[in-house]
Amino acid sequence: MDRDKILLTPGPLTTTLRTKLAMLKDWGSWDADFNAVTARVRRSLLDIIHGSDSHVVVPLQGSGTFSVEAAVASLVPRDGHVLVLDNGAYCKRAAKLTTLMGREATSLEFDEAQPVDPLALETYLQKDTSITHVLMVHCETGAGVRNPLQAVADVCARFHVGLIVDAMSSFAALEIDARSTRFDALIAASGKCLEGVPGMGFVFIRKEVLAACEGRSQSLAMDLYDQYVYMEKTGQWRFTPPTHVVVALAEAIAQFEEEGGQPARLARYTHNYETLVAGMRALGFKPFLDPAVQAPIIVTFHAPDIAGYDFKTFYAAVRARGFLLYPGKLTQIETFRVGCIGAIDSHAIKQAVHAIAMALQDLTLSN
Ligand SMILES: *Cc1c(COP(=O)(O)O)cnc(C)c1O
């Protein structure tokens, strides 16, 4: 079939035709027209979190992880100590990259089926005064848990430690308001809930901590302070920008604004999520998480109870019907994940559930 497969994944995501069409043009990286697009994108990103008074935004080439790594390297002093609030795979990745950047990292571990606990953070910070920064993941895409950003930010503010937030899979869908939530850095990317194409990340940095970031990064390409200073001075990116990604993001942001911004996006994803879970439950699938801690971003389901089940065969049977699932990322039990995000609505989700029902039939019949 000609139709692109629908991506039920945590990124890359299904994008609109309008976003894809924005890429059919070449741009000079030094050209005023392209600089204007970059400037417009940066203004819009700050508006989404009401952050233009308190924060700057620094775009960076690469996938989302590049920007998490850059944020740690640019924000945390070389002798700093990062406490990672760990309730899943993306937290573990953040802890690993912090260690690789040469910064001391300690993990405070939580159950992957539960949000991180601000009270446990408070208790920890009382006894370990060497912590300079806390690193948290807003929506833990591993299982799909929504973590309590505001409560963690409040604890960090009270203890005067910096907060670095990986908001990759929540930004533009869950509410984030820089006027009421205090963070030093918050990271997201083009190819997630903004529904652009993948290829650039961006980091919001609190203006008060920006000057201290000079010279902290041990990497040239990932130095957010340098990128910021150069961009402010010239309007250009330091090194070759992902031009097509940037113009596609500008077009995706225009559609995000037309749709009604973050509240409208959250409403659409929530409807997708509810449609998905209702349909899957009717097929006998059980979500892994308690609905009370679930973000409407990506849902982990227990693998179906079919003798000889394996994800690859299941994936292929669903794929043949036009939908791409995502493997599970839990350590102990067999699961798979279904994303609710991207330029899709509940009709696409209903079709996906139907495809899954037919795939199940295939698997059961071939037994
Ligand atoms: C997608 C995602 C990332 C970035 O992953 P990349 O593959 O580098 O784009 C980081 N953190 C979370 C929570 C994510 O969902």
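All residue numbers refer to positions in the sequence shown, counting from 1. Every value quoted in this text rests on a predicted model; they were computed, and no experiment measured them. Every number for a ligand or one of its atoms is a count from 1 in the order of the listing.
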Original post:
With atoms numbered from 1 as shown, which atoms in ligand 1 lie under 4.0 angstrom from a non-hydrogen atom of Ser169?
Top reply: 15 (O)
**OP:** If you have a sec, work out which protein heavy atom is nearest atom 11 (N) of ligand 1 and how many Å separate them, to one decimal?
**Re:** Asp166 OD2, 2.6 Å
Original post:
Can Ser169 and Lys192 be counted as having a side-chain donor-acceptor contact under 3.5 angstrom?
Top reply: no
Original post:
At what distance, to the nearest 0.5 angstrom, does OG1 of Thr275 lie from NZ of Lys350?
Top reply: 6.0 Å
Subject >> His138 near ligand 1 by a heavy-atom separation under 4.0 Å >> reply: no
Original post:
How does Glu140 reach ligand 1, by side chain, by backbone, by both or by neither, if only non-hydrogen atoms under 4.0 Å count?
Top reply: neither
**OP:** Please work out whether the ring planes of Phe311 and Tyr315 are parallel, tilted or perpendicular, with thresholds of 30° and 60°.
**Re:** tilted
Subject >> Ring center gap for Phe171 and His138 short of 6.0 angstrom >> reply: no
**OP:** Compute whether any side-chain donor of one residue and acceptor of the other, for Trp237 and Thr38, lie under 3.5 angstrom apart.
**Re:** yes
**OP:** Among all protein heavy atoms, pick out the one at the shortest distance from atom 2 (C) of ligand 1; state its residue, atom name and that distance to 0.1 Å.
**Re:** Lys192 NZ, 2.6 Å
Original post:
Cys139: heavy atom below 4.0 Å from ligand 1, yes or no?
Top reply: yes
**OP:** Within a distance under 4.0 Å of any heavy atom of Met168, pick out the atoms of ligand 1 and give their elements.
**Re:** 1 (C), 2 (C), 3 (C), 4 (C), 10 (C), 11 (N), 12 (C), 14 (C)
Subject >> Exercise: do Thr19 and Gln255 side chains pair donor with acceptor under 3.5 Å >> reply: yes
Original post:
Polar-atom distance check: Arg93 versus ligand 1, any N or O pair below 3.5 Å?
Top reply: yes
**OP:** Check each atom of ligand 1 against the heavy atoms of Thr141 and keep those under 4.0 Å away; list them by number with element.
**Re:** 12 (C), 13 (C), 14 (C), 15 (O)
Original post:
Numbering the atoms of ligand 1 from 1, which are under 4.0 Å from a heavy atom of Thr65?
Top reply: 4 (C), 5 (O), 6 (P), 8 (O)
Subject >> Val137: numbered ligand 1 atoms lying under 4.0 Å from its heavy atoms >> reply: 13 (C)
Original post:
Can you check whether Val57's main-chain N or O pairs, donor with acceptor, with Arg42's side chain at less than 3.5 Å?
Top reply: yes
**OP:** Just need the protein heavy atom nearest to atom 12 (C) of ligand 1, so name the residue and atom and give the distance.
**Re:** Tyr90 CD2, 3.3 Å
Original post:
Ignoring hydrogens and geometry, is there a side-chain-to-backbone donor-acceptor pair from His244 to Lys25 under 3.5 Å?
Top reply: yes
Original post:
Between the side chain of Glu140 and the main-chain N/O of Cys91, is any donor-acceptor distance below 3.5 Å?
Top reply: yes
Subject >> Closest protein heavy atom to atom 9 (O) of ligand 1, given as residue, atom name and distance to 0.1 Å >> reply: Gly64 N, 3.1 Å
